[in-house]
Undergrad: 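This structure is in structure tokens; I'll ask about it shortly.
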Amino acid sequence: YGFQRGGTVMSNKAIKLFKDYIVITLAVIIMDLGIYAFKFPNHFSFGGVSGLAVVLNEILGISAAQINLVINLALLVIGFAVLGKSFGLKTAYATVLLSLMEKMMPISAPLTNQPMLELAYAIALPAVAAAMLFYVDASGGGTDIIAMILKKYTKLNIGGALFLVDLGI
């Protein structure tokens with residue numbers, strides 16, 4: 001049920017968990033690039049908690065990243081309660097990593113003068129990252145948690161659930 005490596009036995013479950021957290025870390029880096037390098041500096045808002053954060057930033061004058069974190073933490077508590085400990089821990093890890101990115105990559109203006117290119121990156125990068133997170137039974141937080149709850153209690157697939165939640169936002 002495990003294999004010998006350097007004098008210790010690692011179980012298949014531990015190896016899978018380690019691989020899952022590697023995937024989560026890579027997905028968060030990709031998602032952060034899309035959100036903090038392309039979405040927030042351009043004030044793009046097209047659904048999700050990060051889109052809501054952009055709108056609330058303009059209204060309240062509070063950092064979009066701070067708004068994003070507060071809403072994500074509230075949804076994370078709900079995710080723990082409804083979707084379980086494993087999902088909750090993986091999503092908590094992703095949420096904490098996501099919140100650190102603003103400090104590591106402070107960007108206040110668009111990177112280029114090509115808004116369509118930046119829009120493409122702002123959509124594609126988080127979408128790829130979300131798919132990676134769903135693959136390992138995690139999420140980046142936010143509306144992904146609501147979509148996972150809808151998926152659990154309805155016949156909707158994750159794509160349909162995300163569409164409905166983002167449409168609501």
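What you see is a predicted model, and the numbers here were worked out from it, not measured in a lab. Index from 1, following the sequence.
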Undergrad: Do Ile78 and Leu162 share a hydrophobic cluster (ILVMFWY, side-chain heavy atoms under 4.5 Å, transitive)?
TA: yes

Undergrad: Grab the two heavy atoms, one from Gly140 and one from Met31, that are nearest each other, plus how far apart they are.
TA: CA-SD, 4.4 Å

Undergrad: In this structure, are over 12 heavy atoms from other groups packed under 6.0 Å from Phe80 atom CZ?
TA: yes

Undergrad: Could you see if Ile35 belongs to whatever hydrophobic cluster contains Leu111? Use Ile, Leu, Val, Met, Phe, Trp, Tyr and a side-chain cutoff under 4.5 Å.
TA: yes

Undergrad: Please say whether more than 12 non-hydrogen atoms of neighbouring residues, nucleotides or ligands are located less than 6.0 Å from NZ in Lys152.
TA: yes

Undergrad: Give, for atom NZ of Lys39 and atom CG of Leu125, the distance between the pair rounded to the nearest 0.5 Å.
TA: 12.0 Å

Undergrad: Checking Ile149 against Leu83 for the side chain to side chain contact (heavy atoms under 4.5 Å, CB included) test, could you report, in this order, the C-alpha distance in whole Å, the side-chain angles of both residues, the deciding distance, and whether it holds?
TA: CA-CA 7 Å; Ile149 292 170; Leu83 298 170; 3.9 Å; yes

Undergrad: Work out which heavy atom in Ala161 is nearest to a heavy atom in Lys151; give both atom names and the distance.
TA: CB-N, 4.5 Å

Undergrad: Taking C-beta and beyond as the side chain, do Lys19 and Val23 meet within less than 4.5 Å on heavy atoms?
TA: no

Undergrad: Do Tyr36 and Val128 sit in one hydrophobic cluster, given that two such residues count as connected whenever their side-chain heavy atoms are within less than 4.5 Å of each other, even indirectly?
TA: yes

Undergrad: Using every non-hydrogen atom in the two residues, find where Ser139 and Ala94 come nearest and quote the distance to one decimal.
TA: O-CB, 3.5 Å

Undergrad: Using a 3.5 Å distance criterion without hydrogens, assess whether the side chain of Asn42 forms a donor-acceptor pair with backbone atoms of Phe44.
TA: no

Undergrad: Go through the steps for Val136 and Tyr21 under the test side chain to side chain contact (heavy atoms under 4.5 Å, CB included), then give the verdict.
TA: CA-CA 8 Å; Val136 295; Tyr21 277 88; over 6 Å; no

Undergrad: Please say yes or no: joined through hydrophobic side-chain contacts below 4.5 Å, possibly via intermediate residues, are Val165 and Val55 part of one cluster?
TA: yes

Undergrad: Does Val49 belong to the same Ile/Leu/Val/Met/Phe/Trp/Tyr cluster as Val70, with side-chain heavy atoms less than 4.5 Å apart forming each link?
TA: no

Undergrad: Can you sort out the partners of Leu69 under side chain to side chain contact (heavy atoms under 4.5 Å, CB included), two or more places apart, ordered by chain and number?
TA: Leu73, Thr95, Ser99

Undergrad: At their closest point, which heavy atom of Pro126 faces which heavy atom of Gly34, and how far apart are they?
TA: CD-CA, 3.9 Å

Undergrad: Would you call Asn57 and Gln66 a side-chain contact if the rule is heavy atoms closer than 4.5 Å?
TA: no

Undergrad: I'd like to check Tyr121 versus Leu33 (side-chain heavy atoms, cut-off strictly below 4.5 Å). Are they in contact?
TA: no

